[in-house]
There are 2 protein chains.
Amino acid sequence: MEQNIIVSVDVVLFTLSEGQLKIVLLRRERDPYAGQLALPGGYIHADKDRDSLASAERVLLNKTGLVSPYLEQLYTFSGGVRDPRGWSLSVAYYALVHESLLVPDAELRFELWPVAAVPDLPFDHNRIVDHAAKRLRDKSTYTSLPCHLLPELFTLTELQQTYEHILGVALDKSVFRRKLPELDFLEAVPDAIRQGKHRPAQLYRLRPDRRLTIFDKPV
Amino acid sequence: MEQNIIVSVDVVLFTLSEGQLKIVLLRRERDPYAGQLALPGGYIHADKDRDSLASAERVLLNKTGLVSPYLEQLYTFSGGVRDPRGWSLSVAYYALVHESLLVPDAELRFELWPVAAVPDLPFDHNRIVDHAAKRLRDKSTYTSLPCHLLPELFTLTELQQTYEHILGVALDKSVFRRKLPELDFLEAVPDAIRQGKHRPAQLYRLRPDRRLTIFDKPV
DNA sequence: GTTTGTTAGTTTCATATTACCACTAACAAA
DNA sequence: TTTGTTAGTGGTAATATGAAACTAACAAAC
């Protein structure tokens, strides 16, 4: 049986840079749309990919050098008009990394674009980006997701600012800090202190067994 | 380019029957697993389906006779081991209907099985069912989703009981009723009253422009 | 040393929200 | 008229929240 469906994955890779939520775009090497900015993506290879998650991991590794960032399936986009080559289906993923892991490389020439000012993209990639940004915002209101945009160790103030950047609202410091202990997804790192010209701050990390904690109320 | 990937859709169709959450299963007409109970599903037809949602609608219509129930994409399952025919990808959907729309038919021989006691299913269909049940429960805590398991007109007590059945917890009547008006997704139907051997109850319906309302706090 | 600036982190308290339970309302049937 | 049953509302103590003031700990300036 011949279905004639092009099956691929696309990844929306988020990071926080200069206080803005940004995504990774790269110039397509091949037609269609060669030379244009687009999401990292590629065909699913039935012979070497265990499943579509493995395809997304492979795409991320090949195109950005990332090994195992937070990566989650977003939505599947499909239809006859989204790709000029024919009826296609793309399993979209989104990923979160701290900026420092996005090392510029002569080989891998990716660009960071603010989510608020993404250029026109080929295929239905703008729709995918919008969908991913909405998911990130929605899910950040009631989960520990924003932790994955931070470095391994971070202060509570940095975490609060990350929530604020994603959600676009100011949070109350006192309320934020009262909630954290009972949500129980962070651990203070002994002797790890962020210094500055002011009172030093305790550093925390995500508990290794808690990649994603779901709250029963919004932050 | 030949990818050799089997692309299909599967649908988890929920209904509330005898106070239990149940799903529709049907006996497969073809191999593999002919004669076994499985989820309604089928190939995506690139020539006639606009997108995978249209495929899911077609499958629902052909296998259950349903026209336009609440239908939403769930997750995409893929890999080389889930289908004996080879590397496959299935876009799973879930749907909600009131029991009365599931009319038994000599042609369409589907069965209702309680979510709590689903038999062993072929492919990874048990995993899909678990995923769908979790989504339904999670999403019901903070949206108007459960309305779609009710008939067009229903009482507030029936709505509360629907939430309670899905969530598995008892809700406070007074709190429940105080919240509803400000969430603003219901409308009282004038002169529509449910009678009984007791005080009659006002009937409500989902506002036509509000298929799914997302709450900012859990019910 | 002492002061100043800055950010970390806690406490206070008035107000808003919630959980719990009691109450009243309206019908049918006895 | 009474009883049973479910519909629908109100009151209150406990809890959570939001806003702000407060204390803590450092570096740098003086």
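All values derive from a computational prediction rather than experimental measurement. Proteins get letters first, then strands, A, B, ... in listed order; numbering begins at 1 in each.
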Exercise. Backbone N or O of B:Ala188 within a donor-acceptor pair of the B:Arg205 side chain at under 3.5 Å?
Worked result: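 A pair under 3.5 Å: no.
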
Exercise. Can you list every ring-ring contact (aromatic ring centres under 6.0 Å, His included) pair that touches residues 171-219 of chain A, not counting sequence neighbours?
Worked result: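 Matches after skipping sequence neighbours: A:Tyr163-A:Phe176, A:Phe185-A:Phe215.
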
For this session: Could you list the residues that satisfy ring pair (Phe, Tyr, Trp, His ring centres under 6.0 Å) with A:Phe123, not counting sequence neighbours?
Result: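 Counting only residues at least two positions away or on another chain, A:Phe123 forms a ring pair (Phe, Tyr, Trp, His ring centres under 6.0 Å) with A:Tyr33, A:His125.
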
Exercise. Heavy-atom contacts under 4.0 Å between residues 172-191 of chain B and DNA chain D, which residues?
Worked result: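 Result for residues 172-191 of chain B: B:Lys173, B:Ser174, B:Arg177, B:Arg178, sorted by number.
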
Exercise. Using a heavy-atom distance cut-off of less than 4.0 Å, which residues of residues 193-205 of chain A contact DNA chain D?
Worked result: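 The answer is A:Gly196, A:Lys197, A:His198, A:Arg199, A:Pro200.
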
Checking side-chain polar atoms at under 3.5 Å, does [X] have a donor or acceptor matched by the opposite partner on [Y]?
| X | Y | value |
| --- | --- | --- |
| B:Ser78 | B:Arg82 | no |
| A:Glu99 | A:Thr15 | no |
| A:Tyr94 | A:Glu72 | yes |
| A:Ser55 | A:Tyr93 | no |

Problem set entry | More than 12 heavy atoms from other groups under 6.0 Å of CD on A:Gln195 |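 Enclosed: over 12 neighbouring heavy atoms sit under 6.0 Å from CD of A:Gln195.
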
Problem set entry | A:Lys134 NZ: over 12 foreign heavy atoms closer than 6.0 Å |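 Not more than 12 within 6.0 Å, no.
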
Exercise. Are the side chains of A:His98 and A:Phe154 in touch, meaning some heavy atoms are under 4.5 Å apart?
Worked result: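 The answer is no; the side chains never approach within 4.5 Å.
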
For this session: On DNA chain C, reading 5' to 3', which nucleotide is the first and which the last to sit with an atom under 4.0 Å from a heavy atom of chain A, could you check?
Result: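 Nucleotide range in contact with chain A: C:dG5 to C:dT12.
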
Problem set entry | Cationic N near anionic O, under 4.0 Å, B:Glu18 to B:Lys22 |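 Yes, this pair counts.
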
Exercise. Are the charged groups of A:Arg210 and A:Asp184 less than 4.0 angstrom apart, N to O?
Worked result: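 Yes, charged N to carboxylate O under 4.0 Å.
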
Exercise. Quick one: bend of the helix from C:dG1-D:dC30 to C:dA30-D:dT1 from 5 pairs per end, to 10°?
Worked result: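 The angle, to the nearest 10 degrees, is 20°.
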
